[in-house]
Number of protein chains: 2
Amino acid sequence: MTKTKSIELNDPTIIRSAAIAKALGHPARIAILKLLAQRKTCFCGDITEVLPLAQSTVSQHLKALKSAGLITGEVEGVRTCYCLNPDGIKDLKSLLSELSSELIKTCC
Amino acid sequence: MTKTKSIELNDPTIIRSAAIAKALGHPARIAILKLLAQRKTCFCGDITEVLPLAQSTVSQHLKALKSAGLITGEVEGVRTCYCLNPDGIKDLKSLLSELSSELIKTCC
DNA sequence: ACTTTTAATCGCAACATTGCGATAAATTAC
DNA sequence: GTAATTTATCGCAATGTTGCGATTAAAAGT
């Protein structure tokens, strides 16, 4: 007898979808994902070399992508090897394509 | 001879994808889109009635979705009628599904 | 005319994001 | 051991986001 509104914003599916979308919500992070798709594997320095951003900034974007579960980062000696995380990318595909079909069904 | 980094972050496709993803990057906005898909059409008040958020907050989320091109809002007398915007939803589907296929191809 | 209804906007507070340079931590090379 | 390399983290500034209540603006009902 406390709830009056009927839509919950804590639905795990919606939360996860929003988190993934948020991680995609910056051009640099999309560019990083595409780069990882091309090269399969990248050190942080490889990415910094290629993006017009400072190393610390790239490192932050990598951290965001990692905590959204979209990439993995394994320490290899001095460096860290970043890869796409298949599980996360599957979530991205399934959740967002499910959402967009749900939306497109009624509006088009 | 000013550019040294090879990846541009001003690629319009990447920018548009990021903008769409950013608009999806909050649970309330995803919930609003789903609600519009269900009901085809909503006034701001319908949405406020159903979400655990104040009217002003809902209005702000609607503004964000509208400026990302995902919904339209037509004034009808005192009220505003919100709908999914087919063009925007098509962008959402094509850009994000294109991105996720591109990513999933190499990682899975 | 006045009140009610609806939605947008303002003002505010709290917090998050983006970006950078500088620094720290850890491994590798000498 | 010392120096060089690589990445993460810190500190900082600027800006953006999220949320609310209060107010404004505009239309509709009385």
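Just so we're clear, the structure is a prediction, and the values are computed from it rather than from any experiment.
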When you measure from the side-chain N and O atoms of [X] to the phosphate of [N], is any distance below 4.0 Å, counting only OP1 and OP2?
{"X": "A/S56", "N": "C/dC20", "result": "no"}
{"X": "A/R29", "N": "C/dT18", "result": "yes"}
{"X": "B/Y82", "N": "C/dA8", "result": "yes"}
{"X": "A/T57", "N": "C/dC20", "result": "yes"}
{"X": "B/H61", "N": "D/dT17", "result": "no"}
{"X": "A/T80", "N": "D/dA8", "result": "yes"}

Quick check for you: among [options], whose closest atom lies nearest to any side-chain atom of [X]?
{"X": "A/Q60", "options": "D/dT9, D/dG19, C/dT18", "value": "C/dT18"}
{"X": "A/L53", "options": "C/dC20, D/dT9, D/dC20", "value": "C/dC20"}
{"X": "B/V78", "options": "C/dT18, D/dA26, C/dT9", "value": "D/dA26"}
{"X": "B/S59", "options": "C/dG19, C/dG21, C/dT9", "value": "C/dT9"}

Whole-Å distance separating the [atom1] atom of [X] from the [atom2] atom of [N]:
{"X": "A/L9", "N": "D/dG19", "atom1": "CG", "atom2": "C1'", "value": "12 Å"}
{"X": "A/L65", "N": "D/dA8", "atom1": "CG", "atom2": "P", "value": "12 Å"}
{"X": "A/Q55", "N": "D/dA8", "atom1": "CD", "atom2": "C1'", "value": "7 Å"}
{"X": "B/L62", "N": "D/dT18", "atom1": "CG", "atom2": "P", "value": "13 Å"}
{"X": "A/K63", "N": "C/dT17", "atom1": "NZ", "atom2": "P", "value": "11 Å"}
{"X": "B/H26", "N": "D/dG19", "atom1": "NE2", "atom2": "C1'", "value": "9 Å"}
{"X": "A/F43", "N": "C/dT27", "atom1": "CZ", "atom2": "C1'", "value": "13 Å"}
{"X": "A/R79", "N": "D/dA4", "atom1": "CZ", "atom2": "P", "value": "18 Å"}

Taken to the nearest 0.5 Å, the spacing of A/I32 CD1 from A/L62 CG works out to 4.5 Å
To the nearest 0.5 Å, atom OG1 of A/T48 lies from atom NE2 of A/H61 at 10.5 Å
Within the distance-only criterion (no hydrogens, no angle test), does the side chain of [X] pair as donor or acceptor with the backbone N or O of [Y] below 3.5 angstrom?
{"X": "B/S59", "Y": "B/Q55", "answer": "no"}
{"X": "B/N85", "Y": "B/T72", "answer": "no"}
{"X": "B/S17", "Y": "B/T13", "answer": "yes"}

Select base, sugar-phosphate, or nothing to describe what B/K22 touches, counting heavy atoms under 4.0 Å on all strands.
-> sugar-phosphate
